[in-house]
K.L.:
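Okay, here's the structure, questions in a sec.
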Amino acid sequence: MKSNFKTDLIQEKKLIPLLDSYYHKHLKMYDFERVDTLEEQLDGIDLILTHKKTGKTFFVDEKAQLDYLNKNLPTFAFELFYTKHETLKQGWLFDAKKKTQMYALVTNIQKENDRFVSCNITFVNRQKLLSFLAEKGLDEDFLKNRFLEHLGFHGKIEVPGLDLGREGHVHFSSKNKAEQPINLILQLAFLKEIGVAKEFI
């Protein structure tokens with residue numbers, strides 16, 4: 001299995017002009033600045049939004065469904081764990097070192113003639129999401145203890161407290177991805193319903 005990391009980086013750079021055009025159009029109350037230092041990007045910051053009146057800033061991590069171009073999926077994958085050099089690593093969702101305050105989930109990415117032409121963007125408040133999961137008893141320790149015994153499994157597993165069809169599940173990708181991620185798959189409509197997400201495009 002090959003890693004898609006380098007390919008994704010190239011695709012992400014090609015996607016940036018489309019995303020920036022949407023931010024200009026829909027985030028009129030904010031100035032935005034792209035982060036280009038590796039250190040800040042490793043901290044989970046791709047974009048800094050600054051409210052024009054209050055001056056309040058938000059650190060945004062852009063997550064794009066580049067594996068599913070020209071498809072409109074109703075879900076998004078939040079990384080719990082992954083494997084690197086045969087060692088299990090912490091995913092970005094519960095990583096306390098990340099400074100991310102908002103996720104910009106880029107979905108329904110449409111591409112024509114090697115050019116990105118449209119997409120949807122859903123903003124998720126990271127702290128609100130983590131608080132919601134904690135209230136459900138789905139914190140990092142619980143998920144780790146509950147699901148790591150299934151390492152090597154491929155497919156979906158139900159999560160206590162989440163409706164499998166309407167809310168979410170955990171998915172193991174042990175066969176088709178080099179990093180073998182373990183992801184919390186959540187329905188976008190559900191995230192908006194519980195007040196942690198807002199779609200503006």
Side-chain angles (χ1 to χ4, degrees), residues 1-16 19 34-48 59-69 71 73 75-107 109 111 116 119 122 124 126-127 129-130 132-134 136-160 162 164 168-188 191:
M1 290 180 289
K2 292 183 178 180
S3 172
N4 291 332
F5 182 73
K6 290 184 178 179
T7 303
D8 284 351
L9 284 179
I10 295 171
Q11 292 280 68
E12 285 171 4
K13 288 184 178 180
K14 290 182 178 180
L15 184 60
I16 284 175
L19 298 180
R34 286 214 162 268
V35 168
D36 54 12
T37 68
L38 180 60
E39 181 180 358
E40 287 178 298
Q41 289 175 339
L42 290 175
D43 284 339
I45 307 171
D46 290 313
L47 197 72
I48 300 175
F59 296 148
V60 181
D61 190 359
E62 293 173 322
K63 301 291 185 184
Q65 285 182 338
L66 292 168
D67 287 346
Y68 303 97
L69 298 179
K71 295 180 181 179
L73 301 185
T75 58
F76 205 91
F78 294 81
E79 186 182 69
L80 301 177
F81 308 100
Y82 68 97
T83 301
K84 185 176 182 179
H85 304 309
E86 299 184 357
T87 301
L88 193 70
K89 300 286 187 178
Q90 183 182 49
W92 45 262
L93 178 60
F94 287 109
D95 189 346
K97 296 178 182 178
K98 301 293 187 187
K99 297 179 180 179
T100 309
Q101 294 170 293
M102 306 287 290
Y103 295 116
L105 309 183
V106 187
T107 62
I109 304 169
K111 192 175 185 181
F116 293 111
C119 65
T122 302
V124 172
R126 184 190 188 202
Q127 190 53 56
L129 175 58
L130 294 180
F132 170 81
L133 293 174
K136 286 273 191 177
L138 304 176
D139 58 14
E140 181 182 8
D141 288 339
F142 173 84
L143 291 169
K144 190 172 185 178
N145 292 332
R146 176 87 179 195
F147 293 106
L148 288 193
E149 64 186 48
H150 300 286
L151 283 177
F153 173 77
H154 183 87
K156 66 174 65 175
I157 298 179
E158 290 191 52
V159 178
L162 293 182
L164 179 62
H169 62 274
V170 164
H171 192 277
F172 289 71
S173 298
S174 62
K175 294 181 179 179
N176 61 338
K177 293 183 182 293
E179 296 83 6
Q180 300 184 352
I182 302 172
N183 293 322
L184 178 63
I185 309 296
L186 296 174
Q187 294 277 341
L188 293 170
L191 292 175

K.L.:
Look up atom CG in Leu15 and atom CD in Glu12, then write down how far apart they are to the nearest 0.5 Å.
P.N.:
8.0 Å

K.L.:
Going by the angle between their ring planes, with limits at 30° and 60°, are Phe78 and Trp92 parallel, tilted or perpendicular?
P.N.:
tilted

K.L.:
Of the non-hydrogen atoms in Val170 and Leu80, which two are nearest, and what is the gap between them?
P.N.:
CG2-CD1, 4.2 Å

K.L.:
Apply side chain to side chain donor-acceptor pair (under 3.5 Å) to Gln90 and list each qualifying residue two or more places apart in sequence or on a separate chain.
P.N.:
Glu140

K.L.:
Does Glu149 CD have over 12 foreign heavy atoms under 6.0 Å away?
P.N.:
yes

K.L.:
Is it true that a side-chain atom of Gln65 and a backbone atom of Thr75 form a donor plus acceptor pair closer than 3.5 Å?
P.N.:
yes

K.L.:
List the steps, then state whether side chain to side chain contact (heavy atoms under 4.5 Å, CB included) holds for Phe147 with Phe153.
P.N.:
CA-CA 10 Å; Phe147 293 106; Phe153 173 77; over 6 Å; no

K.L.:
With a 4.5 Å cut-off on side-chain heavy atoms, are Arg146 and Leu138 touching?
P.N.:
no

K.L.:
Within the 4.5 Å heavy-atom criterion, are Leu162 and His169 side-chain neighbours or not?
P.N.:
no

K.L.:
Would you confirm whether Arg126, through its side chain, and Val60, through its main-chain N or O, come within 3.5 Å as a donor-acceptor pair?
P.N.:
no

K.L.:
Which atom pair, heavy atoms only, marks the closest approach of Gln41 to Asp36?
P.N.:
NE2-CA, 4.2 Å

K.L.:
To the nearest 0.5 Å, what is the distance between CG on Asn145 and CG on Asp139?
P.N.:
9.0 Å

K.L.:
Which heavy-atom pair separates Phe172 from Ile157 by the least distance, and what is that distance?
P.N.:
CE1-CD1, 3.6 Å

K.L.:
Does the side chain of Leu133 reach to within under 4.5 Å of the side chain of Phe94, using non-hydrogen atoms?
P.N.:
yes

K.L.:
State, yes or no, whether a side-chain contact exists between Asp61 and Lys98 at a heavy-atom distance under 4.5 Å.
P.N.:
no

K.L.:
Can you find a pair of side-chain heavy atoms, one from Asp43 and one from Lys97, that are under 4.5 Å apart?
P.N.:
no

K.L.:
Quick check: do Leu186 and Leu129 have side-chain heavy atoms less than 4.5 Å from each other?
P.N.:
yes

K.L.:
Under 4.5 Å between any side-chain heavy atoms of Tyr68 and Thr107, yes or no?
P.N.:
no

K.L.:
Between Phe142 and Pro160, which heavy-atom pair has the shortest distance, and what is it?
P.N.:
CZ-CG, 3.9 Å

K.L.:
Taking the side chain as every heavy atom from C-beta outward, state whether Ile109 and Leu66 have any atom pair closer than 4.5 Å.
P.N.:
yes

K.L.:
To the nearest 0.5 Å, how far apart are CD1 in Ile182 and CG in Leu184?
P.N.:
11.5 Å

K.L.:
I'd like to know whether Thr83 forms a side chain to side chain contact (heavy atoms under 4.5 Å, CB included) with Glu179, so could you lay out the CA-CA distance, the side-chain angles of the two residues, the decisive distance to 0.1 Å, and finally the verdict.
P.N.:
CA-CA 5 Å; Thr83 301; Glu179 296 83 6; 5.8 Å; no

K.L.:
Would you say Glu158 has more than 12 foreign heavy atoms packed within less than 6.0 Å of its CD?
P.N.:
no

K.L.:
With a 4.0 Å cut-off, would you call Glu62 and Arg34 a salt bridge?
P.N.:
yes

K.L.:
Rounded to the nearest 0.5 Å, what's the gap from CD on Glu40 to NZ on Lys99? Could you check?
P.N.:
7.5 Å

K.L.:
Phe132 vs Leu191, test: side chain to side chain contact (heavy atoms under 4.5 Å, CB included). Steps then yes/no.
P.N.:
CA-CA 10 Å; Phe132 170 81; Leu191 292 175; over 6 Å; no

